[in-house]
Number of protein chains: 2
Amino acid sequence: MSDLLERLRGRGWRMTAQRRVVAEVLDGDHIHLTADEVHARAVAKLPEISRATVYNTLGEMVSLGEVIEVSTDRRAKRYDPNAHRPHQHLVCARCGAIRDVHPVGNPLSDLPDSERFGFTISDVEVTYRGTCPNCASA
Amino acid sequence: MSDLLERLRGRGWRMTAQRRVVAEVLDGDHIHLTADEVHARAVAKLPEISRATVYNTLGEMVSLGEVIEVSTDRRAKRYDPNAHRPHQHLVCARCGAIRDVHPVGNPLSDLPDSERFGFTISDVEVTYRGTCPNCASA
DNA sequence: TCCTAGAATGGACAATGTCTAAGTCAAGCA
DNA sequence: TGCTTGACTTAGACATTGTCCATTCTAGGA
């Protein structure tokens with residue numbers, strides 16, 4: 001059974017066929033689908049699901065903190081169900097492949113007070129870019 | 001005289017009124033305009049400049065490495081003329097204000113080999129998010 | 001079983017960015 | 001200085017991604 005689905009159910013989320021399908025599509029590791037990809041896969045399981053519902057559902061899962069929005073490329077947002085282990089992303093500049101990675105240390109400590117301009121910092125996002133082994137050997 | 005303009009001229013870039021205006025608009029510190037904002041400001045100086053030209057020109061400046069594309073929010077790309085001093089960005093989650101910041105150390109060294117999945121990493125982008133002093137006191 | 005608040009639908013709309021065909025011009029050269 | 005030419009610019013159509021809204025439907029409780 002889907003972890004994500006379990007977690008959502010546990011929050012008293014009203015369960016519908018559409019929401020179940022979206023949650024199922026998003027479950028797993030190293031999953032980083034765009035809204036459109038989610039929609040395409042959802043349609044395969046439930047042909048009459050609408051685009052608006054997919055957007056709404058993704059938006060709600062993000063609000064609930066069960067899914068993270070990622071913008072690794074400059075096009076569509078991607079949705080990452082791995083919201084409960086802090087991680088960063090490693091992106092292949094050629095093929096767009098994305099991996100979850102776990103850097104050591106706390107990137108926040110690298111920013112001296114003098115460089116904070118009085119901001120209260122709540123979050124740090126790190127994106128590593130490079131070439132994946134596949135593309136490098138091609 | 002504009003630094004950016006000087007650098008572009010030095011590369012034998014064919015100079016036109018439109019390109020000059022785009023370069024002028026982009027010059028300065030902590031500048032992070034969207035393509036649309038660049039266009040709006042360019043139109044103020046040269047009313048007949050077209051959107052396509054602004055996009056083309058920005059794209060070329062990015063290719064030449066004289067301007068950096070930044071995606072701090074999930075909407076439009078922003079253009080940062082400060083391409084020659086490595087820096088990261090600090091973004092206010094409420095008002096969207098952006099500051100250039102200079103963390104100490106090299107974020108690359110925080111990613112162990114075991115977390116690199118065979119990638120050759122060429123670049124690291126860090127975005128700090130928080131609340132700016134203005135928004136915090138409001 | 002019936003009600004009702006909340007969810008889903010689909011289609012219009014908005015924002016951002018890309019492409020193309022035709023016209024225009026900067027810069028080198030005679 | 002005045003051609004020539006290839007690069008640049010233009011306007012607008014088009015593409016992609018995302019949002020909104022009025023209507024219809026339905027899950028889950030009474």
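So that the names make sense, note that chain A is the first sequence line, chain B the second, and so on, each numbered from 1.
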Novice: Just how far, in rounded Å, is P of D/dC20 from OH of A/Tyr55?
Specialist: 13 Å
Novice: When all nucleic acid strands are considered with a 4.0 Å heavy-atom cut-off, which category describes B/Thr53: base, sugar-phosphate, or nothing?
Specialist: base
Novice: Just checking B/Arg11: does its CZ atom have more than 12 heavy atoms from other residues, nucleotides or ligands closer to it than 6.0 angstrom?
Specialist: yes
Novice: If I compare all heavy atoms of A/Thr34 with all of A/Tyr79, which pair ends up nearest, and what's the gap?
Specialist: C-CD1, 4.5 Å
Novice: I need the NZ-C1' distance between B/Lys77 and D/dT17, as an integer number of Å.
Specialist: 13 Å
Novice: CZ of B/Arg19 versus C1' of D/dT10: gap in Å, rounded?
Specialist: 14 Å
Novice: Rounding to an integer number of Å, can you tell me how far A/Glu60 CD sits from C/dA8 C1'?
Specialist: 11 Å
Novice: Name the closest nucleotide to the A/Met15 side chain, picking from D/dT9, D/dG28, D/dG18.
Specialist: D/dG28
Novice: C/dT18 base to B/Arg51 side chain: any donor-acceptor pair below 3.5 Å?
Specialist: yes
Novice: Is the ring pair A/His87/A/His102 parallel, tilted or perpendicular, if the boundaries are 30 and 60 degrees?
Specialist: tilted
Novice: Would you kindly give the CD-to-P distance between A/Gln18 and C/dA8, to the nearest whole Å?
Specialist: 5 Å
Novice: Tell whether A/Arg14 reaches the base of D/dT26 with its side chain through a donor-acceptor pair below 3.5 angstrom.
Specialist: yes
Novice: Rounded to the nearest Å, what distance is computed from the CG atom of residue A/Leu64 to the P atom of nucleotide C/dG6?
Specialist: 15 Å
Novice: What is the separation between atom CD on B/Glu37 and atom P on C/dA15, rounded to the nearest whole Å?
Specialist: 14 Å
Novice: Between C/dT16, D/dT26, D/dC8, which nucleotide has the shortest distance from any of its atoms to the side chain of B/Arg75?
Specialist: C/dT16
Novice: I need the CG-C1' distance between A/Leu58 and C/dA7, as an integer number of Å.
Specialist: 15 Å
Novice: Determine the contact category for B/Ala52: base if any of its heavy atoms lies under 4.0 Å from a base atom, sugar-phosphate if only primed atoms, P, OP1 or OP2 are that close, otherwise nothing.
Specialist: base
Novice: Search all heavy atoms of B/Val25 against all heavy atoms of B/Ala42 and return the closest pair with its distance.
Specialist: CG2-N, 4.0 Å
Novice: Which one, D/dT9, D/dT10, C/dA7, comes nearest to the side chain of B/Glu48?
Specialist: D/dT10
Novice: Please determine whether side chain to side chain donor-acceptor pair (under 3.5 Å) holds for the pair B/Asn82 and B/His30, giving the CA-CA distance in whole Å, both sets of side-chain angles, and the decisive distance to 0.1 Å.
Specialist: CA-CA 8 Å; B/Asn82 190 4; B/His30 299 292; over 6 Å; no
Novice: The side chain of B/Thr16 lies closest to which of these nucleotides: C/dA26, D/dT10, C/dG10?
Specialist: C/dA26
